[in-house]
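Take a look at the structure set out below.
What's counted below: heavy atoms across the whole structure, side chains too, no hydrogens, waters or symmetry copies. So you know, we letter chains A, B, ... as the sequences are listed, proteins then strands, and number each from 1.
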There are 2 protein chains.
Amino acid sequence: MAKAGPGAKANAPRGKRATSYDVARLAAVSQSAVSRAFTPDAYISPSMRKKVLAAARQLGYQPNAIARGLTTSRSRVVALFMPNIGNPIYPFVLQTFSHRLRSHGRQILLLPLVENANEALACMLQYQIDGLVITAASPLALSKAIARKCLAAGIPVVLFNRYFADLKVASVNCDNARGGALAAEILHGAGHQRFAFIGGPEETSTHIDRYRGFADRLRAFGAAAPLIETGPYTYDGGHGAGMRLFARRDRPDAIFCANDVLAIGALDAARVGHGLQVPRDVSIIGFDGAPMAAWAGNDLTTIALRLVAMVESTVEVLLRAIDGQRAGSEPIRIPGDLVIRKSARMPGGSLPAAST
Amino acid sequence: MAKAGPGAKANAPRGKRATSYDVARLAAVSQSAVSRAFTPDAYISPSMRKKVLAAARQLGYQPNAIARGLTTSRSRVVALFMPNIGNPIYPFVLQTFSHRLRSHGRQILLLPLVENANEALACMLQYQIDGLVITAASPLALSKAIARKCLAAGIPVVLFNRYFADLKVASVNCDNARGGALAAEILHGAGHQRFAFIGGPEETSTHIDRYRGFADRLRAFGAAAPLIETGPYTYDGGHGAGMRLFARRDRPDAIFCANDVLAIGALDAARVGHGLQVPRDVSIIGFDGAPMAAWAGNDLTTIALRLVAMVESTVEVLLRAIDGQRAGSEPIRIPGDLVIRKSARMPGGSLPAAST
DNA sequence: GACTGGAGTGAATGCGCAGTCATATAATAG
DNA sequence: CTATTATATGACTGCGCATTCACTCCAGTC
């Protein structure tokens, strides 16, 4: 074949990658033809395409996405803003986004933790980002500022597992209020009397909706209003809240936590910190469906997000927005699924009740 | 100022972003001057730079990284291959990489989980990736194939927390053998007699080196060879291994696990599965320094990776390779730090010993 | 048999920028 | 006061591709 370059395919000499012209020359066609061969809906005969692709393969040619982006002024890259990964569901979310976007020919650029919204916007503009996904695992004020800037700059934005009441941005969420109500039904139905809620930062939509769903349903049952403890969405936050709650004389016997990491913190506060038995002395329900909720040491009853469905929906909304259709800003809500484990007594006593 | 466009800065009319020519016109200078103003080491007077930057700010101008990439033929983007995020240290690793690379003006493109190495290479070539980091959180065979292809294509590669004995690739690792030896010293020094090792996939360098360091040191002490159980690097892997070990008549009283997730699985197998007390009945030591090792319910003694140092070293090696200096393929080893908690008895009885 | 039209292809252009080269001005020397 | 050199700037080209436009070719038409 060609002259042998050390460790190189066909003729990729020294850091020089084949261009469409190289392929054109080899296939004895024009550069236009090469371009068409790699463009899905281009006007080209099957035989021509086949010939070009053969030559391309021989040279190890891949279209240069940079050059393509320059002419089309779209990068086919989507940015993801997801710093502060404290919630263990996000690795899976990230992986799922990556997979789904790839199947639509998109790549993911990871936006680093920036100081302010301008830095983020600069990054997006520089790389001609086609769209942005912001997950709840990011500082609220910063997320909002970034979303606002991007919208002003005409970059489509979709929020994942979060929404802003005062800013019209497309979003995909769990039906958090319904999840909270479900927790209330279970805990009340199991005969509990003294309820508590352990939440996260009070301005986040997950905190607000999960609490509201829980408290509203309790009120509908005529139960006493739940105690509330809040803190960051971390193990320590849940542990601290649990320690405070269990130290009270009117110690709660049923706790709903705004997420699983908080719940595991509360669980440890009960068992290790206060020597309580779960669910004999206290029932605890979490939210999210984090992997470690299933671990034998935790065995946490929780309301699991349908993460795959949520990601798919987010991708769909984003791609549609990129294609120019203005997305509605009404939050899309996807239900959560109750996962019954052993950290909470169930109505009907399907788990060892207090009589033990 | 300029005519008011709805929701637009100065004059960013309809999805049209300002170019260097626009800035040049406004500042009454040439396009070259604009380019120089945004190039760190360019030959330009301070006054000129100031004037250009002022005009750029007024237009909301950001250099188009795509166009820049086309002329410089480097994208300033680094790819990260890290699918299968099962180990909870990786979210932090990802965040740290992102942060560190950004401080060097680099962005991260997340490589999705691909079917084969060719897909990955295609992605790298299309986007003119400057370099690649492969973490241990990715399938071994695929990682190796990708690394091989990239090297052949002239793309610098650095492995994080992994190395290949039979392929010359730069890598940054924990000093795993030393960590294993440390675990052996502690467990032997605390008076344990029946040792076991719970590992991951047998061909991974972390498994091999951590086991070897452990077993070699035990042998040096004249102790019996440890029992070995292996499985995937998951909670279930550790739990299953633990259940098997504790069911034996010669049940081990000291277990070293190749990582923290395995160790937590083993811990739960001991406590929940077999009703054993830790560390009265068995000492367990993990590896990595995962966040949940610190949780009260686990309280796991472990050997913590110096993740920040490892990431910084990886970035340094990678950037040097991108700048053309061939990196050595000898693994860089960074020591791990013993974190003493309550899952293992310590030499000298600094924790409640078997006498309880 | 000249004419129309569809199908396929090639030539040419520009995307936005970095860098090279040439030029104009200011500073220094002789 | 001219010759020489720093210093700073502008004109221009090309990176690799998508795309537009013009063109060729050939089947069908009357």
Given that B:S73 and A:R68 both sit by DNA chain D, which one's nearest nucleotide is further toward the 5' end?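 Nearest nucleotide further toward 5': that of B:S73.
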Mind running a 4.0 Å heavy-atom check of residues 31-50 of chain B against DNA chain C and sending the residues that fall below it, in number order?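 Those residues whose heavy atoms fall under 4.0 Å from DNA chain C, taken from residues 31-50 of chain B in numerical order, are B:Q31, B:S32, B:S35, B:R36.
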[X]: what forms a side chain to side chain contact (heavy atoms under 4.5 Å, CB included) with it, not counting sequence neighbours?
X: A:N87; result: A:I89, A:Y90, A:N259, A:D288
X: A:D166; result: A:K144, A:F164
X: A:S30; result: A:S32, A:A33
X: B:Q62; result: A:A122, A:L125, A:Q126

Apply salt bridge (Lys or Arg N to Asp or Glu O under 4.0 Å) to B:R74 and list each qualifying residue two or more places apart in sequence or on a separate chain.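 Not a single residue meets the salt bridge (Lys or Arg N to Asp or Glu O under 4.0 Å) criterion with B:R74.
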Across all chains, not counting sequence neighbours, the salt bridge (Lys or Arg N to Asp or Glu O under 4.0 Å) partners of A:R25 are A:D22
Once you build an axis from the first five pairs and another from the last five of the helix from C:dG1-D:dC30 to C:dG30-D:dC1, how far apart in angle are they, to 10 degrees? 50°
If the condition is ring-ring contact (aromatic ring centres under 6.0 Å, His included), which residues does A:Y163 pass it with, not counting sequence neighbours?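 A:Y163: no ring-ring contact (aromatic ring centres under 6.0 Å, His included) contacts found.
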Applying ring-ring contact (aromatic ring centres under 6.0 Å, His included), name anything that partners A:F38, two or more places apart in sequence or on another chain.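 So A:F38 forms a ring-ring contact (aromatic ring centres under 6.0 Å, His included) with A:Y61.
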Between which nucleotides of DNA chain D, read 5' to 3', does contact with chain B run, using atoms under 4.0 Å from its heavy atoms? D:dT7 to D:dG16
For side chain to side chain contact (heavy atoms under 4.5 Å, CB included), just list the numbers for B:S171 and B:I332, CA-CA rounded to whole Å, side-chain angles, deciding distance to a tenth of an Å, and then say yes or no. CA-CA 6 Å; B:S171 70; B:I332 292 176; over 6 Å; no
Where does the chain B footprint on DNA chain C start and end, counting 5' to 3' with a 4.0 Å heavy-atom cut-off? C:dG16 to C:dT20
Would you say the side-chain atoms of A:T39 pair up with the backbone N or O of A:D41, donor to acceptor, closer than 3.5 Å? no
In this structure, NE2 of B:H104 is separated from NE2 of B:H99 (nearest 0.5 Å) by 10.5 Å
Any chance the side chains of A:S35 and A:S20 put a donor and an acceptor closer than 3.5 Å?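 No, because no side-chain N or O of A:S35 sits under 3.5 Å from a partner of the opposite role on A:S20.
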